[in-house]
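A short worksheet on the structure shown next.
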Amino acid sequence: MSALQVDNLFKNYAGVQALKGLSFEAAPGECVALIGPNGAGKSTCFACLAGQQLPTQGHVRWQGESLDGLTATQRLQRGVARTFQVAQTFDALTVLQNIQLVCRDSGSGLAQTVGSGLRRLDHVARLAATELADSVGLKNSVHLWAGELPYGAKKRLELAMALAGLPPHQPGLLLLDEPAAGLGAQERSAMMALVRSFTASLTQQVTVLYTEHNMDAVFGVADRVLVLIDGELAAQGTPESIAENVLVRKRYLGQHFQVPHSAGVQHA
């Protein structure tokens with residue numbers, strides 16, 4: 001059974017078709033890379049899946065439930081979270097407070113915190129937030145202001161915040177928009193090891209769909225690769241089959257593409 005089902009997705013902007021009948025599936029616990037040239041429609045696809053935008057036509061189902069017409073908040077409540085190309089964090093809050101602000105374990109979260117003042121925030125889901133910070137390698141940074149973090153650490157914080165918003169102990173879908181963007185090769189490898197670890201979690205089954213331009217963050221990491229070109233699914237398959245696909249080489253990877261020697265992940 002597929003965890004995520006995307007069926008015949010179209011998205012038009014003033015007559016321009018960003019998505020043209022996109023259909024694909026992702027299995028429970030699968031790590032899937034969505035790649036393609038700039039302007040292919042990857043970010044539009046993510047926005048339609050996460051609920052920031054509604055498709056012009058088509059359907060999205062998660063765990064057998066239709067997400068059609070639901071807002072981003074409603075989709076998050078059902079286990080669909082996303083990150084962005086540029087890390088979205090609250091720089092004037094500490095690392096721990098950023099996670100506490102969106103933590104589902106609290107039973108309160110953002111609305112009550114804003115309504116009663118940020119002083120309440122330090123008492124919200126402190127243990128759960130600390131554990132999440134530890135899980136992304138930020139155990140020793142919890143009291144730092146988010147604005148003080150180097151960019152790689154800020155990307156890790158955004159991942160923790162996405163996880164914090166998921167319903168605990170239930171299947172989750174993480175939509176990661178270029179999780180390794182702006183990172184050096186070693187940081188990319190560590191980041192992708194972290195991403196892979198989510199799908200291997202024993203406490204929560206997580207399916208990951210991510211976009212990426214760095215091929216060393218795709219090959220050796222993804223279970224399967226989807227190639228989006230001009231709003232259409234041009235190819236899909238194992239990383240090995242995609243590397244040899246004639247159309248993908250011609251339109252995106254290049255005729256002389258070779259799988260990066262550094263492909264794969266290091267310990268997070």
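Along the sequence shown, residues are numbered consecutively beginning with 1. Worth saying up front: this structure is predicted, and the values here are computed from it rather than measured.
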Less than 3.5 Å apart, which donor and acceptor atoms pair up between the side chains of residues 7-18 and the rest of the protein, not counting sequence neighbours?
unit_1: K11; atom_1: NZ; unit_2: L54; atom_2: O; d: 2.8
unit_1: Y13; atom_1: OH; unit_2: Q53; atom_2: OE1; d: 2.2
unit_1: Y13; atom_1: OH; unit_2: Q53; atom_2: NE2; d: 3.3

Can you give each donor-acceptor pair under 3.5 Å made by side-chain atoms of residues 129-137, sequence neighbours left out, with the distance rounded to 0.1 Å?
unit_1: T130; atom_1: OG1; unit_2: R126; atom_2: O; d: 2.8
unit_1: S135; atom_1: OG; unit_2: L132; atom_2: O; d: 2.6

Can you give the donor-acceptor pairs under 3.5 Å from side chains of residues 27-34 to other protein atoms, not counting sequence neighbours?
unit_1: E30; atom_1: OE1; unit_2: A27; atom_2: N; d: 2.9
unit_1: E30; atom_1: OE1; unit_2: R224; atom_2: NH2; d: 3.0
unit_1: E30; atom_1: OE2; unit_2: R224; atom_2: NE; d: 2.8

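Nearest approach of Y151 to A181, heavy atoms of both residues: CE2-O, 3.4 Å. Minimum interatomic distance between L175 and F46 (heavy atoms only, all atoms of both residues): C-CE2, 3.5 Å. The minimum heavy-atom distance linking R249 with Q255 is given by the pair NH1-O, 2.9 Å. Scanning all heavy atoms of the two residues, the minimum distance from M192 to P179 falls at SD-CG, 4.2 Å. For the pair A72 and Q52, the tightest heavy-atom approach, listed with the atom from each and the gap, is CB-NE2, 4.0 Å. Contact record, Q88 with V86: NE2-O, 2.8 Å, taken as the closest heavy-atom pair.
Within the 4.5 Å cutoff, side-chain heavy atoms of D223 are placed close to those of R196. Side-chain contact check for L194 versus R156: some heavy-atom pair is nearer than 4.5 Å. Residues E65 and W62 are not in side-chain contact: their nearest non-hydrogen atoms beyond the backbone lie 4.5 Å or more apart. Here the side chains of P37 and I229 are in contact, with some heavy-atom distance below 4.5 Å. Side-chain contact between F257 and V248: absent, with no pair of heavy atoms (C-beta onward) separated by less than 4.5 Å. Using a 4.5 Å heavy-atom cutoff, the side chains of I35 and M215 are in contact. Put simply, the side chain of L157 reaches to within 4.5 Å of the side chain of L149, judged on heavy atoms. The closest side-chain heavy-atom distance from S43 to F84 is not below 4.5 Å.
R61 contributes no side-chain N or O that, together with a main-chain N or O of V6, makes up a donor-acceptor pair within less than 3.5 Å. Proximity of a side-chain donor or acceptor of D68 to a complementary backbone N or O of V60 within less than 3.5 Å is detected. Formation of a donor-acceptor pair under 3.5 Å by the K42 side chain with backbone atoms of G36 is found in this model. Side chain of S189 to backbone of Q186: no donor-acceptor contact under 3.5 angstrom is found. Between the side chain of Q5 and the main chain of A3, no donor-acceptor pair closer than 3.5 Å is present. In this structure, the side chain of N245 engages the main chain of L247 through a donor-acceptor pair within 3.5 Å.
Both L173 and L70 belong to a single network of hydrophobic side chains, linked directly or stepwise wherever heavy atoms of I, L, V, M, F, W or Y lie under 4.5 Å apart. Residues L76 and L49 fall into different hydrophobic clusters, defined by Ile, Leu, Val, Met, Phe, Trp and Tyr side chains chained together at heavy-atom separations under 4.5 Å. Hydrophobic clustering, with ILVMFWY side chains joined whenever heavy atoms are under 4.5 angstrom apart, groups L174 together with M191. Cluster annotation: F219 is connected to V227 through the hydrophobic network of ILVMFWY side chains, with a link wherever side-chain heavy atoms come within less than 4.5 Å. Y252 and I242 fall within a single hydrophobic cluster, where Ile, Leu, Val, Met, Phe, Trp and Tyr side chains are chained together by heavy-atom contacts under 4.5 Å.
How far CG of L22 is from SG of C48: 9.5 Å, rounded to the nearest 0.5 Å. Separation of atoms NZ (K154) and CG (N98) is listed at 9.0 Å; rounding is to 0.5 Å. Separation of atoms CG (N38) and NE2 (H213) is listed at 4.0 Å; rounding is to 0.5 Å. Residue L166 holds its CG atom at 12.0 Å from CD of Q77, rounded to the nearest 0.5 Å. Going from atom CG of L183 over to atom CD of E187 covers 5.0 Å, rounded to the nearest 0.5 Å. To the nearest 0.5 angstrom, L144 atom CG is 8.5 Å from T94 atom OG1.
Residues K20 and D230 are not paired through a salt bridge, judged by the lack of any N-O separation under 4.0 Å between the basic side chain and the carboxylate.
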V195 and L176: CA distance, side-chain angles, deciding distance, side-chain contact (heavy atoms from CB on, under 4.5 Å) verdict: CA-CA 9 Å; V195 170; L176 309 180; 3.7 Å; yes
side-chain hydrogen bond (donor to acceptor under 3.5 Å, both in side chains) evaluation trace for D177 with T211: CA-CA 5 Å; D177 200 345; T211 68; 2.8 Å; yes
Check against side-chain hydrogen bond (donor to acceptor under 3.5 Å, both in side chains), R78 and Q170: CA-CA 9 Å; R78 287 158 176 78; Q170 296 182 30; over 6 Å; no
Trace of the side-chain contact (heavy atoms from CB on, under 4.5 Å) decision for T89 with M161: CA-CA 8 Å; T89 61; M161 292 170 67; 4.0 Å; yes
Pair F24-S2, side-chain contact (heavy atoms from CB on, under 4.5 Å): steps then yes or no: CA-CA 10 Å; F24 65 88; S2 298; over 6 Å; no
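For an aromatic pair to be called close, the ring centres must be under 6.0 Å apart, and Y210 with F198 fails this.
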